[in-house]
Amino acid sequence: MSSSTSGRDDDAPDLICQIDCVHGMVDALSSVRWKRHQDAVLELSEHGIVVIVEESGCLQAKVYLKRELFMEYEYAAEGRPRFGLSLGLLVDCLNTFSAPGHSSAVEIRYPGPDMQLLLKSVGSPDSCMYAEIRTRIPDTISWDYHFEHAANTQVTFTVKSAVLKESIEDLEWPGSSIQIQMQPDPPSVIFKGEGHGDLEIEFPYYANTELLIAFQCDQEIAYRYKYKFLRATTSNFPSSIMKENRGSKVSIGNGGMLKIQHLVSVARPGMQYFRNVAGGAQQPSRIAYIEFFVKPEEDENNMNDA
């Protein structure tokens with residue numbers, strides 16, 4: 001196994017990899033599926049697979065599946081190939097390999113003879129399942145999501161994932177927006193929704209450090225975000241992930257760009273150790289990284305962080 005491109009067969013796949021259990025990958029990809037019919041762009045590299053989805057030039061999500069998550073990861077492409085496909089179809093196909101009581105490894109191969117993404121169950125003596133997913137030339141990602149901290153100062157807080165999800169859902173008003181405000185004195189985070197009335201949810205940092213796990217802000221800042229985009233950053237996470245109470249990190253950058261980072265386990269509790277591509281015993285608590293980027297609403301009431 002090698003990631004070198006020297007002497008490769010021109011017909012060799014760009015990527016052949018195996019994952020021992022797809023349940024966690026299904027959870028991670030479902031977390032960024034906020035519409036029934038939704039396209040995604042997959043980017044391959046020697047470091048792993050990145051799945052990118054976006055909507056309306058205002059919301060973008062990335063799922064990072066690092067090569068260490070895979071039992072085998074053989075990469076032979078030059079550069080970083082990208083291709084588009086239906087996210088819903090990918091999730092549905094993976095689900096066919098994750099039926100209750102079925103835990104055989106799955107091989108992922110790209111490209112197939114007609115540029116398909118190929119899935120195949122491996123290691124089961126009784127049966128073998130196959131799936132082919134048609135791919136397409138990807139659309140250009142419509143906006144650049146480069147995230148920079150406001151005035152080179154981090155404005156960020158970490159909150160329990162379940163609390164973040166509940167807070168956003170509690171502030172729902174039809175067609176509304178939510179303002180996120182951070183202030184250093186007293187250090188706190190305030191979520192504010194406006195509709196038929198006003199509703200605020202405040203997280204004082206020192207009052208409950210178990211709820212607001214971390215906080216960093218040296219000046220007051222506030223921006224508004226479209227509710228449907230903000231809700232998409234938490235609404236599709238499986239309840240099992242939320243119950244783990246992993247912290248979600250929320251950062252506000254230049255111009256009000258919002259970045260929300262989650263960690264998702266891609267292994268079921270109680271799974272056996274296996275030898276990963278680095279040759280070491282891999283812990284069952286393997287993690288996929290998910291990032292959401294949300295652009296703020298153009299609103300004269302947004303506080304300038306310049």
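In this text, all values refer to a predicted model and were calculated from it rather than measured experimentally. Every heavy atom of this structure was used, including side-chain atoms; hydrogens, water molecules and symmetry mates were not.
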Below 4.0 angstrom, N of the basic side chain to O of the carboxylate: do [X] and [Y] qualify?
X: Glu107; Y: Arg109; value: yes
X: Lys226; Y: Glu297; value: yes
X: Asp39; Y: Arg136; value: yes

Side-chain donor or acceptor of Arg231 paired with backbone N/O of Ile168 under 3.5 Å: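 No, the answer is negative, given that no donor and acceptor are paired below the 3.5 Å cut-off.
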Taking the side chain from Ser121 and the backbone from Met129, do they hold a donor-acceptor pair closer than 3.5 Å?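 A pair under 3.5 Å: yes.
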Please enumerate all residues that pass ring-ring contact (aromatic ring centres under 6.0 Å, His included) together with Tyr225, with sequence neighbours excluded.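 So Tyr225 forms no ring-ring contact (aromatic ring centres under 6.0 Å, His included) with any residue.
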Do [X] and [Y] land in one hydrophobic cluster if side-chain heavy atoms of ILVMFWY residues count as linked below 4.5 Å?
X: Leu230; Y: Ile190; answer: no
X: Ile260; Y: Ile201; answer: yes
X: Phe203; Y: Leu199; answer: yes
X: Leu29; Y: Leu118; answer: no
X: Tyr206; Y: Val155; answer: yes

Would you please test Thr156 and Gln216 for side-chain hydrogen bond (donor to acceptor under 3.5 Å, both in side chains) and show each step? CA-CA 5 Å; Thr156 182; Gln216 185 173 354; over 6 Å; no
Partner of His262 under ring pair (Phe, Tyr, Trp, His ring centres under 6.0 Å), chosen from Tyr289, Tyr64, Phe237: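 Testing His262 for a ring pair (Phe, Tyr, Trp, His ring centres under 6.0 Å) against Tyr289, Tyr64, Phe237 leaves exactly one candidate, Phe237.
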For Gln38, side-chain contact (heavy atoms from CB on, under 4.5 Å) partners two or more places apart: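 Only Arg33, Trp34, Lys35, Val53, Leu87 meet the side-chain contact (heavy atoms from CB on, under 4.5 Å) criterion with Gln38.
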Go through Tyr223 and Leu258 one step at a time and tell me if the side chain to side chain contact (heavy atoms under 4.5 Å, CB included) criterion holds. CA-CA 9 Å; Tyr223 283 93; Leu258 185 70; over 6 Å; no
Criterion side chain to side chain contact (heavy atoms under 4.5 Å, CB included) on Ile213 and Lys160, from CA distance to verdict: CA-CA 7 Å; Ile213 304 168; Lys160 288 188 174 181; 4.2 Å; yes
Counting heavy atoms not belonging to Lys66, are there more than 12 under 6.0 Å from its NZ?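 No, because the 6.0 Å sphere around NZ of Lys66 holds 12 heavy atoms or fewer from other groups.
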Taking the six-membered ring of Phe229 as reference, does the cationic atom of Lys295 (NZ for Lys, CZ for Arg) lie under 6.0 Å from its centre and within 45° of its axis?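 That pair does not qualify as a cation-pi contact.
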With side chain to side chain contact (heavy atoms under 4.5 Å, CB included) as the criterion, how do Met115 and Phe83 come out once you've worked through the C-alpha distance, each side chain's angles and the decisive distance to 0.1 Å? CA-CA 9 Å; Met115 303 305 290; Phe83 58 91; over 6 Å; no
What residue among Ile16, Leu117, Leu85 forms side-chain contact (heavy atoms from CB on, under 4.5 Å) with Tyr110?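 Answer after filtering Ile16, Leu117, Leu85: Leu117.
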Walk me through it: do Gln181 and Lys192 pass the test side chain to side chain contact (heavy atoms under 4.5 Å, CB included)? CA-CA 8 Å; Gln181 179 180 346; Lys192 182 178 181 181; over 6 Å; no
